[in-house]
There are 2 protein chains.
Amino acid sequence: MSVTLKEVAALAGVSRSAVSRTFTEGASVSPKTRSKVEKAAAELGYSPNALASSLTTGRTKLIGLISNNFHNPIFLEVFDQFTRALQERGLRPLIVNLTDETEPTNSVRMLRQYSVDAAIVASSTLPPSFAKAFHDAGVPVVHTFGRSATSPEVHVVGIDNVECGRMAARELSSRGYRRIGYLGGPKDATSAMDRYRGFMEEVEKHPELEVTHCFAGAYSFEAGREEMLQQLAEGPAEGYFCGDDILSIGALSALSDHGLKPGKDIGIIGLNDMEMSRWESVDLTTIHQPIKQIITASVDLVEEMLKDPERYPEARIFPCRVIERGTLRPRP
Amino acid sequence: MSVTLKEVAALAGVSRSAVSRTFTEGASVSPKTRSKVEKAAAELGYSPNALASSLTTGRTKLIGLISNNFHNPIFLEVFDQFTRALQERGLRPLIVNLTDETEPTNSVRMLRQYSVDAAIVASSTLPPSFAKAFHDAGVPVVHTFGRSATSPEVHVVGIDNVECGRMAARELSSRGYRRIGYLGGPKDATSAMDRYRGFMEEVEKHPELEVTHCFAGAYSFEAGREEMLQQLAEGPAEGYFCGDDILSIGALSALSDHGLKPGKDIGIIGLNDMEMSRWESVDLTTIHQPIKQIITASVDLVEEMLKDPERYPEARIFPCRVIERGTLRPRP
DNA sequence: CACAGCCTTGCAACCGATTGCAAACCCAAC
DNA sequence: GTTGGGTTTGCAATCGGTTGCAAGGCTGTG
């Protein structure tokens, strides 16, 4: 079927080693044989089998990319960035879609079978233990959007979710909202809990605030919408921190059902600043998460782990900031 | 580093072949040795190296998944479905993000280096020649969302875009729109051209119709919005067929800028029926494309090609239908 | 012209598996 | 106790590469 080293060697009239060496960076080949080999290779349309060579080199350049967020539009941006960043560095993304699985066993086994050089867990919902399982199985791993910690067990890149919770509460309070609410992601998502904690922490400092909270079933439009409908039925707060832009957009849809104007009748602040939030019809005030930098940093870390697998685990936490648009009332 | 066949064999006190055979379906091993091997394997945490075995079996179970649509939210649904469907059958998606590349050379070479068993080109914009390049390089390929043809050069799964164009024109005309427009995707996208052709074909049959057309720079919100703003500036038609839901949503945003109500002041019909189109705030009348079936059929074809690589190229074209929501005026 | 020293080259072992083949084994029937 | 059948097993070659090592080639110097 496909052309092999041996055939090229035969055609070029050199040994297999010679061929191998012309295709490996920094190996010693004379210009003469190199050109002979290149000519033969071109003639046969040869390109080296990456998997065969991985056997001896121990490097596949395959990177497992594991996620469970295939319903949040922000993840299209995330995948775009990740695949680009990996490709630019000659790495190949092997995707694992977790669907409903929250146990790492299967993905770990599978990625080990394919000898990935490293794995990236891209999820704000999975616990640190999930990523740790890869580390324990000898697969270098970085947990992107993972729970931040001062001394993490594996590399973590993302934001300080607790701080984002505080930031949202401060923002609501500073705009004069008194009865405020947290509409978070699923209760078992680390990001939902961390944002909740920060939100509540800040609320404690302001005795004048009244607070409610609820958790959506997923980070999805439908879940956000449903939860907000519920709130409206029970008597809503004046301003909400929705734990994600997609939840916010669902919530906005619920408001519009009831003829309520966001920013006027009820305040909404989201988190992520995804492309859609900028759409005029959405115009969502939100906490910007620097996705691009987070992803670049994640891939940087992957590369560094490839050089030094024993690298001490590190957390790279990026600051967030409020992007003011139209869904919160103006500051007094 | 990782445990190998040899070590398991040593611990179990059997030959390497025995170990190999206990891990391959349908090989002949006695229950006794099998259990010895399984015990040893469990003890060492062994799992076979898929890449090493691919060397001899010639099968990697890797499937290249190539796309250039990382800005259309529908593709999150597409990736979700594809990765699930592949995983369910024990196949592993290796992603290629084409960014701005329209030449297949690089992706073909890369996927050959990784010995993928097959490739899926998931794009409604790339020409048949793109997919053909994989076929010519000996990589079995199916072109999902590709241009349909009665005798395609490679497997094609998708819809009849020309017919969709006709359908849209019929739909507009049947609702009494007289001055109608086509707002298509990029001029170099096969789907944009095919839909255009069908649209025009149908228009020809109705002498009472007046028609305009334009092509957006990309299948994206921004591009759709911009193109519609342009139309509004130049004096718009009464009803538009936007060649994709995301273009429609961009167009809707432009309408709202001008205080125009879709379905009342101007009609819009999209194509895809993506999740977002069902949102109450969008409520887009659109032509439903059966994504899930298309993807299942694509992966079916991949599997069949794995069995019989010489399989004669086939087109699987799925019917579409109009989903009535709120952006077209009611039928008279 | 001889020789030292570096560059280039091929040999052969190896990476982690699979598999055709023949030997060894088991069990049953005669 | 043989013989015959089918199973199970291990040997060794193979898949497509890489790489340490030693031999061979080249250069330049004395």
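Predicted model, so just to flag it, every value in this text is computed and none were measured. Chain letters run A, B, ... following the sequence lines, proteins first, then strands; residues in each count from 1.
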_Electrostatic pair B:R89:B:D300 at N-O distance under 4.0 angstrom_ = yes

_I'd like to compare against my own output: the B/S/- annotation of nucleotides 13-23 of chain D with a strict under-4.0 Å heavy-atom distance to protein._
-BBBBBBB---

_Heavy atoms within less than 4.0 Å of DNA chain C: which residues of residues 25-38 of chain B have one? Give them sorted by number._
none

_Charged N-O contact under 4.0 Å between B:E38 and B:R34_ = yes

*Are more than 12 heavy atoms from other residues, nucleotides or ligands located less than 6.0 Å from atom CD of B:E153?*
no

_Using five pairs at each end of the helix from C:dC1-D:dG30 to C:dC25-D:dG6 to define an axis, what is the angle between those two axes, to 10°?_
40°

*Please confirm whether the backbone N or O of B:K61 pairs with a side-chain atom of B:D117, one donor and one acceptor, at under 3.5 Å?*
yes

*So, for B:F75 and A:F79, is the gap between ring centers shorter than 6.0 Å?*
no

*Does a side-chain heavy-atom distance below 4.5 Å link B:L65 with B:I63?*
no

*asked:* Could you tell me how far apart A:Q113 (CD) and C:dG16 (C1') are, to the nearest whole angstrom?
replied: 13 Å

_Quick one, A:L111 and A:V139 - any side-chain contact, counting heavy atoms below 4.5 Å?_
no

_A:H143 side chain to A:V156 backbone, donor-acceptor under 3.5 Å_ = no

*Polar side chain donor-acceptor pair, A:Y219 to A:S124, under 3.5 angstrom*: no

_Whole-Å gap separating P (C:dG16) and CZ (A:R112)_ = 13 Å

*asked:* I need the single residue from A:E304, A:H135, A:E314 that forms a side-chain contact (heavy atoms from CB on, under 4.5 Å) with A:H155. Which is it?
replied: A:E314

